[in-house]
Amino acid sequence: MDARALVGRLLDGYGRTHAQEAGIRLRDTPAPLYQLLTLCVLFSVRIRADLAVAAARELFAAGLRTPRAMAASSWQDRVDALGRAHYVRYDESTSTALGRGAELLLDRYGGDLRRLRAAAGGDPDRVRELLREVPRIGPVGAGIFCREVQGLWPELRPAFDARACDGAAGLGLPRTPRGLARLVDDAELPRLAAALVRVELAGPDAAAGLRGGGR
């Protein structure tokens with residue numbers, strides 16, 4: 001099987017982004033960008049991915065879809081939303097981080113992450129540095145954000161972290177971000193990055209299944 005055919009199977013089976021799972025219709029506008037950042041905050045602790053996604057959905061269902069709404073909510077409102085998703089081990093500290101993060105974004109960027117992008121001046125490393133100034137966002141959270149938003153912010157392309165590259169290696173695909181980027185259109189880069197992470201986490205049997213049992 002050639003690389004492009006294998007990538008097609010990979011995208012069909014595993015190519016759902018975290019934003020899609022959380023019900024975020026990702027566009028280059030303030031609200032969905034903030035919702036993605038909220039999801040990345042939730043991913044930035046040792047917790048199952050499905051619980052982080054469920055917590056994001058509960059926060060959004062409670063109307064906490066913008067920095068202004070998040071900052072205006074009470075600490076207990078946020079804890080209750082997280083609790084409904086069984087995001088319980090980190091609910092109190094995450095509620096605090098979400099509130100402080102929303103206030104930072106309002107104070108520094110008027111609640112618009114496109115202003116963070118502008119402040120970075122087209123430098124992907126600077127984008128990551130500025131993201132890490134948001135409470136709870138570390139290298140993992142910043143990496144997820146860049147991986148998911150690269151379809152909208154071209155300066156971040158190609159964004160494939162170490163885990164995605166490990167997934168590619170297990171499939172016999174190129175091991176470098178630039179090599180992987182040649183296999184799909186720019187709009188599909190977030191899906192490919194997400195799919196590679198998922199198949200790497202799923203283990204060697206998943207990779208073997210995609211390759212047709214290694215044949």
Next item on the list: Look up atom CG in Leu59 and atom OG in Ser73, then write down how far apart they are to the nearest 0.5 Å.
Entry: 8.5 Å
Notebook entry, point to check: Is the closest side-chain heavy-atom distance between Arg157 and Pro154 below 4.5 Å?
Noted result: yes
Notebook entry, point to check: Between Gln76 and Val79, is any pair of side-chain heavy atoms under 4.5 Å apart?
Noted result: yes
Margin query: Check Arg126 with Glu129, please: is the shortest side-chain N to carboxylate O separation under 4.0 Å?
Written below: yes
Margin query: Quick check for you: to the nearest 0.5 Å, what is the distance between Phe160 atom CZ and Arg178 atom CZ?
Written below: 11.5 Å
Next item on the list: Could you tell me the separation between the CZ atom of Phe145 and the CG atom of Leu39, rounded to the nearest 0.5 Å?
Entry: 10.5 Å
Next item on the list: Please assess Leu131 against Leu37 for the test side chain to side chain contact (heavy atoms under 4.5 Å, CB included), listing each intermediate value before the final yes or no.
Entry: CA-CA 9 Å; Leu131 287 169; Leu37 186 67; 4.0 Å; yes
Check: Which atom names give the shortest non-hydrogen contact between Arg115 and Gly110, and what distance separates them?
Finding: NH1-CA, 3.8 Å
Next item on the list: Give the cluster check for Leu106 versus Leu64: same hydrophobic cluster or not, with ILVMFWY residues linked at side-chain heavy-atom distances below 4.5 Å.
Entry: no
Note to self: Please find the pair of heavy atoms, one from Arg9 and one from Arg211, that lie closest to each other, and give the distance.
What the structure shows: NH1-C, 4.5 Å
Notebook entry, point to check: Should Asp28 and Arg114 be marked as a salt bridge (charged side-chain N to carboxylate O under 4.0 Å, His left out) after you check the CA-CA gap, both sets of side-chain angles, and the distance that decides it?
Noted result: CA-CA 8 Å; Asp28 194 22; Arg114 295 175 302 180; 5.0 Å; no
Note to self: With a 4.5 Å cut-off on side-chain heavy atoms, are Arg132 and Pro139 touching?
What the structure shows: yes
Next item on the list: Locate the shortest heavy-atom distance separating Gly111 from Pro30; write the atom from each residue and the value.
Entry: O-CB, 4.2 Å
Next item on the list: State, to 0.1 Å, how close Ala19 and Glu148 come at their nearest heavy-atom pair, and which atoms those are.
Entry: N-OE1, 3.0 Å
Note to self: Tell me whether the count of non-hydrogen atoms from other residues, nucleotides or ligands lying under 6.0 Å of CZ in Arg68 goes above 12.
What the structure shows: no
Identify all side-chain donor-acceptor contacts of residues 40-48 below 3.5 Å with residues at least two apart in sequence or on another chain.
residue, atom, partner, partner atom, Å
Ser44, OG, Cys40, O, 2.7
Arg48, NE, Asp50, OD1, 2.9
Arg48, NH2, Asp50, OD2, 2.9

Notebook entry, point to check: Going hydrophobic residue to hydrophobic residue with side-chain gaps under 4.5 angstrom, can you get from Leu201 over to Leu173?
Noted result: no
Checklist line | His18 and its side chain to side chain contact (heavy atoms under 4.5 Å, CB included) partner, picked from Val197, Ile144, Leu36 | finding: Ile144
Note to self: With rounding to the nearest 0.5 angstrom, report the CG to CD distance, Asp186 to Gln150.
What the structure shows: 8.5 Å
Check: With a 4.5 Å heavy-atom cut-off, do Arg191 and Thr17 have their side chains touching?
Finding: yes
Check: Is any side-chain heavy atom of Leu113 less than 4.5 Å from a side-chain heavy atom of Val149?
Finding: no
Item checked: Nearest heavy atoms of Ala102 and Pro67, plus distance in Å -> CB-O, 3.4 Å
Notebook entry, point to check: Between CG of Leu152 and CG of Leu26, what distance do you get to the nearest 0.5 Å?
Noted result: 5.0 Å
Margin query: Could you check whether any side-chain heavy atom of Leu82 comes within less than 4.5 Å of a side-chain heavy atom of Tyr90, counting everything from C-beta outward?
Written below: no
Note to self: On a heavy-atom basis, which atom in Ala207 and which in Val199 lie closest, and how many Å separate them?
What the structure shows: N-CG2, 4.0 Å
Checklist line | Distance (rounded to the nearest 0.5 Å) between Trp153 CH2 and Arg117 CZ | finding: 6.5 Å
Check: Do Glu58 and Tyr87 have side-chain heavy atoms sitting under 4.5 Å apart?
Finding: no
Note to self: If you define the side chain from C-beta out and look only at heavy atoms, does anything of Pro174 sit under 4.5 Å from Leu183?
What the structure shows: yes
